[in-house]
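Notes follow once the structure below has been shown.
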Amino acid sequence: KNVDFLLPRSGTISGTVTDEHGEPVPNVSMAAVRNIFWRGRMQLNAAKAVQTDDRGNFRLYDLPAGSYYVRASKRTSRILPVPEYGTVLYPNASKIAEAKEIQVGAGNETPGIKIVLHTLRPFQISGRVIDSRSGQGVAGASLNAFPLDEPAGGEMLGESEEGARSGPLLRAATRADGTFRLTGIST
C-alpha cells in the first residue's frame, strides 16, 4: 500500500542588523521566539536561532506558520575590547510589551527586518551583607542578580534547548567582611 503524507511548508524571516552608526554587526545571535507556557508562566522560547553573517544579514528558516518575535543579542568578551550591545526585540524594543510580532505564513518569506543594536554602558552593584543579630558582615554569602523583567526571553541568563532560564545574570559571593561587588551589568 502507498501512504501519502502532507508536510506543512515552512516560512522564513530575514533581515539585517546594524549598530547605531549604520554599520553591519556580524556574529549576532538571532532567534525567532514565541510565547510558550513553561513551569507555570509564559516565557519566550526560541524556535530557531542563527548568526548574522559578515554583512549583518540573517535568515531564520524552517519556521512553522505562526507568530514570532525576532530577538538579536550579541555576546561580548571581557578579554577583547569590543562594544557591548543590548539585546533587542524587533522593531528595536527592549521589552516584550514594546516588541512587534511577525506573522509567518506557510511557505512565505518575511524579508526586510531591520534591527539596530546600541552600545551599553556597564555599571556595578556593590554593598555589604550584614547579620541582623550580630551586626557583623556575612562571609561567603551567595548573591545572584536577575533582571526585573526578562525583556529578551532569558537569553542573557542562558537557556536550555527548551528555552527555560538556567541561571542568574551575574553571581558573586561576599568577602570575609561581608562586602560584595557585581560588575559588568548592563541595562
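Counting begins at 1 with the first residue of the sequence.
Of all heavy-atom pairs spanning A99 and A93, the tightest one is N-CB, 3.7 Å. Of all heavy-atom pairs between T110 and Q103, the closest is OG1-O, 3.7 Å. The heavy-atom pair separating R171 from N144 by the smallest distance is CG-OD1, 3.3 Å. The heavy-atom pair separating R34 from G66 by the smallest distance is NH2-CA, 3.5 Å. Nearest heavy atoms, D19 versus H21: OD1-N, 2.8 Å. The two residues E109 and P111 come nearest to each other via the heavy atoms O-CD, 3.2 Å.
Considering only heavy atoms from C-beta on, L117 comes within 4.5 Å of V28 through its side chain. When side chains are defined from C-beta on, V33 does not count as touching Y68, because their heavy atoms never get closer than 4.5 Å. Residues L60 and T12 have side chains not in contact (no heavy-atom distance under 4.5 Å, counting atoms from C-beta outward). Residues M30 and V50 are in side-chain contact: their nearest non-hydrogen atoms beyond the backbone lie under 4.5 Å apart. Under the 4.5 Å side-chain criterion, counting only non-hydrogen atoms from C-beta, I13 is in contact with V104. Proximity of F180 to R128: side-chain heavy atoms (C-beta onward) are nowhere separated by under 4.5 Å. No side-chain heavy atom of T16 sits less than 4.5 Å from a side-chain heavy atom of F58.
Under the rule for a side-chain contact (heavy atoms from CB on, under 4.5 Å), the partners of R55 that lie at least two apart in sequence or sit in another chain are D53, N57. A172 is linked by a side-chain contact (heavy atoms from CB on, under 4.5 Å) to L182, counting only residues two or more places apart in sequence or in another chain.
V138 is connected to L143 through a chain of hydrophobic side-chain contacts under 4.5 Å among Ile, Leu, Val, Met, Phe, Trp and Tyr, so both are in one cluster.
Distance alone, capped at 3.5 Å, places no donor-acceptor pair between the T174 side chain and the T179 backbone. Between the side chain of Q51 and the main chain of N27, a donor-acceptor pair closer than 3.5 Å is present. D131 places no side-chain N or O within 3.5 Å of a backbone atom of Q136 that could act as its donor or acceptor partner.
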Task: Derivation of the side-chain contact (heavy atoms from CB on, under 4.5 Å) call for L63 and S10 - done: CA-CA 5 Å; L63 297 171; S10 60; 5.5 Å; no
Open item on the list: Assess the residue pair Y61 and K48 against the criterion (side-chain contact (heavy atoms from CB on, under 4.5 Å)); give the C-alpha distance rounded to whole Å, side-chain angles, the decisive distance to 0.1 Å, and a yes or no.
Closed with: CA-CA 8 Å; Y61 56 92; K48 180 76 175 182; 3.4 Å; yes
Open item on the list: Using the rule given for side-chain hydrogen bond (donor to acceptor under 3.5 Å, both in side chains), can you reason through E23 versus T18, listing the C-alpha separation, both sets of side-chain angles and the distance that settles it, and then say yes or no?
Closed with: CA-CA 5 Å; E23 295 296 319; T18 61; over 6 Å; no
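Atoms CZ and CD, on R181 and Q124 in that order, are 4.5 Å from each other to the nearest 0.5 Å. Taken from CG in L6 to CZ in R9, the straight-line distance is 11.0 Å, to the nearest 0.5 Å. In this structure, L89 CG and K100 NZ are separated by 14.0 Å, a value rounded to the nearest 0.5 Å. Expressed to the nearest 0.5 Å, how far OH of Y90 lies from CD of E101 amounts to 12.5 Å. Here Y69 contributes atom OH and I96 contributes atom CD1; the two are 4.5 Å apart, rounded to the nearest 0.5 Å.
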